[in-house]
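Notes to accompany the following structure.
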Protein chains: 2
Amino acid sequence: MDKPARASRVTIRTVAADAGVSVAAVSKVLRNAYGVSDSLKQKVMTSIDKLGYRPSTAARGMRGRTFTIGVLLVGMDNPFLPPLVSSFKQAMGKEGYNTLIGVGEARTHVESALIDSMIDMRIDGLLLIAPRISGATLDHYAGQVPISVIGHHENTAKTFDTTNVDDFSGGRAATEALIKKGYRDIAMLCLKHSKRRDGEVWYERERGYHAAMQEAGLENFSRIVRIAERPDEMQPQLLTLLEEPGRPEAFFCWSDIHGVPLINAARMKGLRIPGDLGLISYDNTAPAGLPLIGLASIDQNPTILGQCAADQLLSRLKGRAEASHAVIEPELIIRKSF
Amino acid sequence: MDKPARASRVTIRTVAADAGVSVAAVSKVLRNAYGVSDSLKQKVMTSIDKLGYRPSTAARGMRGRTFTIGVLLVGMDNPFLPPLVSSFKQAMGKEGYNTLIGVGEARTHVESALIDSMIDMRIDGLLLIAPRISGATLDHYAGQVPISVIGHHENTAKTFDTTNVDDFSGGRAATEALIKKGYRDIAMLCLKHSKRRDGEVWYERERGYHAAMQEAGLENFSRIVRIAERPDEMQPQLLTLLEEPGRPEAFFCWSDIHGVPLINAARMKGLRIPGDLGLISYDNTAPAGLPLIGLASIDQNPTILGQCAADQLLSRLKGRAEASHAVIEPELIIRKSF
DNA sequence: TTGAAAGCGCTAACAA
DNA sequence: TTGTTAGCGCTTTCAA
């Protein structure tokens, strides 16, 4: 008169009882473990279906895998992210992993708290996209869970994997394309940064820009203009920039985040693009591709990025120990903005 | 020689030992439970800080709260979502709740699987944004976890809460604004739907459109054009639409998802907007606000939506049992597209 | 006010 | 091949 009292939740025990086997047997079937007869498997499967049983991730997390992967985003605003996350999700889903997303608000301590919290719920792996936290901190987390990082060049890391676009090459290609068109006074538009440089994607792009300028003997024209990222701060800065007397003939923008508002502001001021101003940007997000915008941009191939990161995580989960660092070639999508 | 062997993980036991108290005492301090002396609390807090202890969410999930809330999105692509999720996150964060996001890929069974999986990890509450699953299914889930739904009008639901923009009013306001400008032959652009209608936001907007047309004696002009949502299918359909002989003088678009590509396509065809064509859309996302686009659009006030939903969930978690259905007024953002 | 102890639902030795 | 059982780290009665 005590056992059948709480018929409420279907647990592994309910299934075992229904199938007339032990809980261990059910657990084994669940995990596809070695050494289960087909008949046992059949019985258990039937009961599972009949009872609508689903293992508790929380309980699983206490002993084994949760079959859940966490993804940490800087923010949700960047239209570059959706296709990346989508391809990652799909690849992980094929192998039976769920994907849960946390948003770091571009603040270091929010990011860390989120990673902690994901580890606390015993996720099996972690994908970090453009994290703000440093390599040393990443090492710390990598000791607790397999990690793959996108958007932070750290190809000497030993404890975690990275997938990146060759941003040096991307920055150079964009700049070279502008030079080839005849522009000489080419500036780069980049974000205002607080401290770190090494490994940042924008820093690699800066290096690529400088390299191209130097190779063309244009180092005297080299300059980087730094613009805020918050829309309300960015707008007036862009306008000031366009009104300056010594305005450059062309801009290479580190991201569509700045590139799209810039081409907008410039056209609204009556500048012909190309003609009065040449523009190439980075990320090739949807707005850049809108016909009315028509902004040439470096494509990072987000689908491949997501796929690669998923492969890295999956092979880590299968036991790989040595680090893997994948690099993908970017591609300039030509549009009539330069 | 067995106890101190695994010094690896800091658990509640480690803390208890360090503070010289029982595990129960630590647990009580953790949960701010009733009946703990200040001195005990102090000791425990000191040890927690010293050891850098964090409770395991997985273990917590087996008995009590996980202090984690799940958010289910249809997809990540809609730029309408980021501000909404951000304000929700912030409101929940203030009360000590973590927010984890799942993406449903706009497919019913993916959505259900995701909800199941979130429930399996014992999240404390669930925010569903524009879910594809039906009210009956929602009732089922609402029995297991507090649920708040945004973007699905279901104001008679008893088991879960809803927060919505008054989409009928929004659809009517947009249509009325077009009528007031002198347009008479006004069509509505909506998405292709598979089956369900009731409760869908677009259906409410359709009703608002029809109401405004009828009130103005224009019901003979009323018609709804249905366009696919996938970019590659959408584009040719929009072009065909604009080339039709009997093309309407103006469109009310159910969403910027269609509105932004439409104003692009129209301008690229050489149509003056306004002049040859009037356009009002819905969601007021970033692209609509770009000067080069300049698309008038109904603002849903995503920040307030997120805040409201958070309040609902929080009060549910504090014990509220009867359903709450919040409605927010939309606002037409006027731009020179009509 | 504090602590001992019984689980929560699962996994993984180990035994049968 | 199958089952028994000892935990995983926490919460929560119930006693002290």
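Sequence lines set the chain letters: A, B, ... in the order given, protein chains first and strands last, and positions in each chain run from 1. The structure presented is a predicted model; accordingly, all values stated were derived computationally and were not measured.
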| message | With a 4.0 Å limit, can you tell me whether B/R9 has a side-chain N or O closer than that to the phosphate oxygens OP1/OP2 of D/dG9? | response | yes
Less than 3.5 Å apart, which donor and acceptor atoms pair up between the side chains of residues 55-64 of chain B and the rest of the protein, not counting sequence neighbours?
| from | atom 1 | to | atom 2 | distance (Å) |
| --- | --- | --- | --- | --- |
| B/S56 | OG | B/A58 | N | 3.3 |
| B/S56 | OG | B/A59 | N | 3.0 |

| query | What integer distance in Å separates A/F67:CZ from C/dC10:P? | reply | 14 Å
| field | Atom pair distance, as rounded to whole Å: CZ in B/R13 and P in C/dG3 | value | 14 Å
| query | Will you find, in the side chains of B/Q312 and B/S324, an N or O donor that is under 3.5 Å from an N or O acceptor? | reply | yes
| query | Which whole-number value in Å describes the distance from A/Y34 OH to C/dA13 C1'? | reply | 17 Å
Which protein N or O atoms sit under 3.5 Å from an N or O of nucleotides 12-16 of chain D?
| from | atom 1 | to | atom 2 | distance (Å) |
| --- | --- | --- | --- | --- |
| D/dT12 | OP2 | B/R31 | NH1 | 2.6 |

| request: Can you tell me the distance, in whole Å, between the CD1 atom of B/I12 and the C1' atom of C/dA5? | output: 14 Å
| message | The criterion is salt bridge (Lys or Arg N to Asp or Glu O under 4.0 Å); which residues satisfy it with B/K50, sequence neighbours excluded? | response | B/D18
| Shortest non-hydrogen contact from B/H325 to B/T162? | ND1-OG1, 2.7 Å
| task | For B/E200, check salt bridge (Lys or Arg N to Asp or Glu O under 4.0 Å) against everything at least two apart and list the hits. | result | B/R196
| request: Determine to 10° how strongly the helix from C/dT1-D/dA16 to C/dA16-D/dT1 is bent, judged from the axes of its five-pair ends. | output: 40°
| Looking for any heavy atom pair under 4.0 Å, which part of the strands does A/V21 touch: base, sugar-phosphate only, or nothing? | sugar-phosphate
| task | Specify the residues of residues 113-124 of chain B, ordered by number, for which at least one heavy atom lies under 4.0 angstrom from an atom of DNA chain C. | result | none
| Heavy-atom check, side chain of B/D124 versus side chain of B/V145, under 4.5 Å | no
| task | Flag the pair A/T14 / A/Y53 as yes when at least one side-chain heavy-atom distance between them is below 4.5 Å, and no otherwise. | result | no
| Would you say A/I69 and A/L126 make side-chain contact, with heavy atoms under 4.5 Å? | no
| field | Contact check, side chains of A/V44 and A/K41, non-hydrogen atoms, under 4.5 Å | value | no
| Just checking B/Y53: base, sugar-phosphate only, or nothing, at a heavy-atom cut-off of under 4.0 Å? | sugar-phosphate
| query | Any ring-ring contact (aromatic ring centres under 6.0 Å, His included) pairs touching residues 91-136 of chain A, not counting sequence neighbours? | reply | A/F67-A/Y97
| query | Does any pair with a residue in residues 9-36 of chain B pass ring-ring contact (aromatic ring centres under 6.0 Å, His included), and if so which ones, sequence neighbours excluded? | reply | none
| said: A/F80: which residues meet the ring pair (Phe, Tyr, Trp, His ring centres under 6.0 Å) condition with it, sequence neighbours left out? | reply: none
| note | Whole-Å distance, A/L30 CG to C/dG9 C1', equals 11 Å
| request: Examine D/dT11: is either OP1 or OP2 under 4.0 Å from a nitrogen or oxygen in the side chain of B/R60? Give yes or no. | output: yes
| message | The criterion is salt bridge (Lys or Arg N to Asp or Glu O under 4.0 Å); which residues satisfy it with B/R320, sequence neighbours excluded? | response | B/D161
| message | Can you pull out the residues from residues 36-52 of chain B that lie within a 4.0 Å heavy-atom distance of DNA chain C? | response | B/V36, B/S37, B/L40
| Residue-phosphate contact under 4.0 Å: B/S22 side-chain N/O, C/dG3 OP1/OP2 | yes
| request: Can you sort out the partners of A/D311 under salt bridge (Lys or Arg N to Asp or Glu O under 4.0 Å), two or more places apart, ordered by chain and number? | output: none
